[in-house]
Every structure is written in structure tokens, then in C-alpha cells.
Amino acid sequence: MKTALLEGKKPPHFDKHIIGNLLLDVAPPAEVRDEPMLIGVRNDAGEIYRLIGAATLNSFMNAVEELFDLGLIDELQDTEEQKDGCDAIFSEP
């Protein structure tokens with residue numbers, strides 16, 4: 001999986017746990033957006049500050065499970081629709 005921090009967005013306190021729990025390769029945002037499945041993570045200001053791109057459904061589901069385990073919630077959990085180009089968007093409850 002690939003990840004990128006979005007320029008000008010402040011990472012929240014829990015970001016170090018995301019990096020610690022998921023095996024992510026840092027890549028430019030455009031490269032991450034090229035992945036078939038995209039996960040956004042919101043900061044304390046409600047902005048998407050990190051993108052995680054998954055090449056396979058298996059890696060996407062593993063990332064989603066890890067983010068749930070960190071106590072984050074997916075605002076797109078009950079919909080099949082994408083939002084802001086993301087298939088899942090996680091934030092603190």
C-alpha cells in the first residue's frame with residue numbers, strides 16, 4: 001500500500017499509530033491516487049490530511065481493519081458511494 005501526506009494539512013496525534021500499524025510505502029500524492037482503492041484520513045480540523053492507496057481488495061480490507069482497531073470510524077461505512085475520491089474516510093469519533 002502507498003501513502004502520502006497532503007501538503008498544508010496538519011497530522012493529528014494518532015498519525016504515528018497509523019504509520020506504526022500499517023505497512024505503507026511513502027509516495028507522491030498523485031501516485032497514491034492512481035491506486036484502485038483509496039482511503040482518506042481526517043485530522044482534527046476535519047480535513048483529509050493522509051491518503052492511503054490499496055492495489056487489492058485484500059490490502060484495502062486489511063487497512064480498514066487496522067484503522068478500526070485504532071478506534072477510528074469510517075464515515076462511508078454504510079454507503080457504496082465514493083466521497084472526495086475515497087472509498088473510505090476515517091476520523092476520530
Is there a chain of hydrophobic side chains (I, L, V, M, F, W, Y, each step under 4.5 Å between heavy atoms) that links [X] to [Y]?
X	Y	result
Ile73	Tyr49	no
Phe60	Val41	yes
Met61	Leu23	no
Ile19	Leu70	yes
Ile39	Leu6	no

Measure from the side-chain N and O atoms of Thr79 to the backbone N and O of Leu76, and report whether any donor-acceptor pair falls under 3.5 Å.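 Answer holds: no.
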Determine yes or no for a side-chain-to-main-chain donor-acceptor pair under 3.5 angstrom, with Asn43 supplying the side chain and Lys10 the backbone.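 Such a contact is found between Asn43 side chain and Lys10 backbone.
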Distance in Å, [X] [atom1] paired with [Y] [atom2], rounded so as to fall on 0.5 Å steps:
X	Y	atom1	atom2	result
Met1	Leu38	CE	CG	12.0 Å
Glu75	Ile89	CD	CD1	4.5 Å
Ile52	Glu35	CD1	CD	12.0 Å
His17	Leu67	NE2	CG	12.5 Å
Phe90	Ile48	CZ	CD1	12.0 Å
Asn62	Leu22	CG	CG	9.0 Å

Could you tell me whether the side chain of Leu24 reaches within less than 4.5 Å of the side chain of Ile18, counting heavy atoms only?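 Counting from C-beta outward, Ile18 and Leu24 do come under 4.5 Å.
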Using distance alone, with no hydrogens and no angle criterion, decide if His13 and Glu92 have a side-chain donor and acceptor under 3.5 Å apart.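 His13 vs Glu92: donor-acceptor pair found between side chains.
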Check ion pair Glu31-Lys2 (N to O, under 4.0 angstrom):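 Looking at Glu31 and Lys2, the cut-off is met.
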Checking side chain to side chain contact (heavy atoms under 4.5 Å, CB included) for the pair Cys86/Leu51: CA distance, chi angles, key distance, verdict? CA-CA 9 Å; Cys86 295; Leu51 292 176; 4.0 Å; yes
Give the minimum heavy-atom separation between [X] and [Y], together with the two atoms involved.
X	Y	answer
Asp44	Pro12	OD1-CB, 3.8 Å
Pro93	Gly71	CD-O, 3.4 Å
Pro36	Ala54	CD-O, 3.3 Å
Pro11	Lys9	CD-O, 3.4 Å

